[in-house]
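Values reported hereafter were calculated over all heavy atoms of this structure, with side chains retained and with hydrogens, waters and symmetry mates removed.
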Amino acid sequence: MVELFALFKHYRNGIVAFLVLTVAIVLMLSLHSSEFDRNDVVSGRILDVVGPVQRLVLAPLVTYRQIQTRISELKQLDLDNRKMQAELQKLRPLGSRLEELKQENERLHKLLKIPFDPDYHRMSARVVGDSSSAFARSLIINAGKAEGVFVNAIVVVPEGVLGRVVMVGPHTSLVITLLDLNSRVPVLVQRSRVRGIAAGFNSRKLHMEFVSHEADVKVDDLIVTSGTGEGFPKGLVVGRVEKVGSGSSGLFKKLVVKPAVDFDHIENVAIFMVPSRYSVDKSFDWDSGLAEEP
Amino acid sequence: MLIPWVPAFTVWLAMVLQELSLPYTAWSVFRPDLVLISLFYWRLYRSDLCGPVLAFIAGLLLDVISGSPLGLNAFSKVVIVLLVGHFSIRLRAAEFLHLLPVILLLVVLDMFIQLFFFAILHDNAAYMPFFIGRPVATMLVMPLVVAILIHIHKSWLEYS
């Protein structure tokens, strides 16, 4: 036995080589595909053994492939990102334009909600210029003769009365606001129905004139158009009483009214016109460029 | 404790790189035999850690992965390792450049051993361009692979 062990030790390399070569040949001859027998138990066992080994060997490949896939996905993401950025650059101006249109839409919606006398014809326009000076408070709107605007048409915004048209061009009109020195609007105090005239003084406030000392007027009373005369329809908001003068001199009270309209932030306006006076030719002398009083 | 397994690990890495990571279709003809280079190197310089058993297992795994008849690579790799072991003293004394044609011949021999058994088993159905491209590709990449193996050898096995 010892001699056999010594012999094996002496020829160990040779024996191992012989064994592995023999096993290799046996494997080749027993498992080659042309004579592969599905019912061969030995072959099945060997395949069962090498299956997990293959999975083990494949593990780095699976990881490698996953990394590769992830990298290609990241590359694609980067490409998509660049594409989206480019599209966003294109869409950004549209976004601000959209916001602008949205705001305009909201303003026009508010204009449409203004209650008005059904006898009046209504249209809308946009403020395109401010022709105010030290001696006038007026605006230019982008609706004129061609659009059917005529002199003395009433210009209104959702907050209240803005003014009236005093001059009409082919596609633009000049509007004097309530603040203008030449503006006179018949009004009344909504609570006590006291009548008066709202007059502009080229300042930021209005004066309510011809209100007697005995009249019931308080600070914060709402002032609306009275509907007297032919110009303004009844019930349009003009402003609120800000100050009631306490001086006893003269026949009338001095009332200061704060206009409901913020004249510095007007973009869209509604124009009210009486259909019976819906005629341009009679109201404007195109040769002289002056409006005639109706 | 794991240091003696470094050659086996490098052979395994070479196998993964050779059979799995390199693109199959494009490089099948010119795919170098990295396993053979690894076995050659370790058999020359650390024959105690790279014997016929390691060559057999590596060859068997190659057969499993590549789908070739089981034992084909195992047999040829064992023969190559035994041959390199037999001439190791003479090969170690040779210049590195002289080893390049040696590796070329070894790959050719490896191919022919496989072709011999393949012909027996499959009526000579082997893909012939493979037998030309692989030895040349193996010879060309050998300096790079050996440089990496030398680095691993010096880093991990120099004083073990």
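Contacts of B/L72 with chain A are made by both backbone and side-chain atoms, with heavy-atom separations under 4.5 Å. Interface remark: B/V79 contributes backbone and side-chain atoms alike to the contact with chain A (heavy atom separation under 4.5 Å).
Within 6.0 Å of CD1 in B/I89 there are 12 or fewer heavy atoms belonging to other residues, nucleotides or ligands. Counting heavy atoms of neighbouring residues, nucleotides and ligands inside a 6.0 Å radius, atom CZ of A/R12 does not exceed 12 of them. At most 12 heavy atoms of other shown residues, nucleotides or ligands fall within 6.0 angstrom of atom CZ in B/F116. Atom CD of B/E95 has 12 or fewer heavy atoms from other residues, nucleotides or ligands within 6.0 Å.
Side-chain contact between A/T22 and B/F75 is absent, with no heavy-atom pair separated by less than 4.5 Å. The shortest distance between side-chain heavy atoms of B/L60 and A/L27 falls below 4.5 Å.
The nearest pair of heavy atoms linking B/V78 to A/A17 is CG1-O, 4.4 Å.
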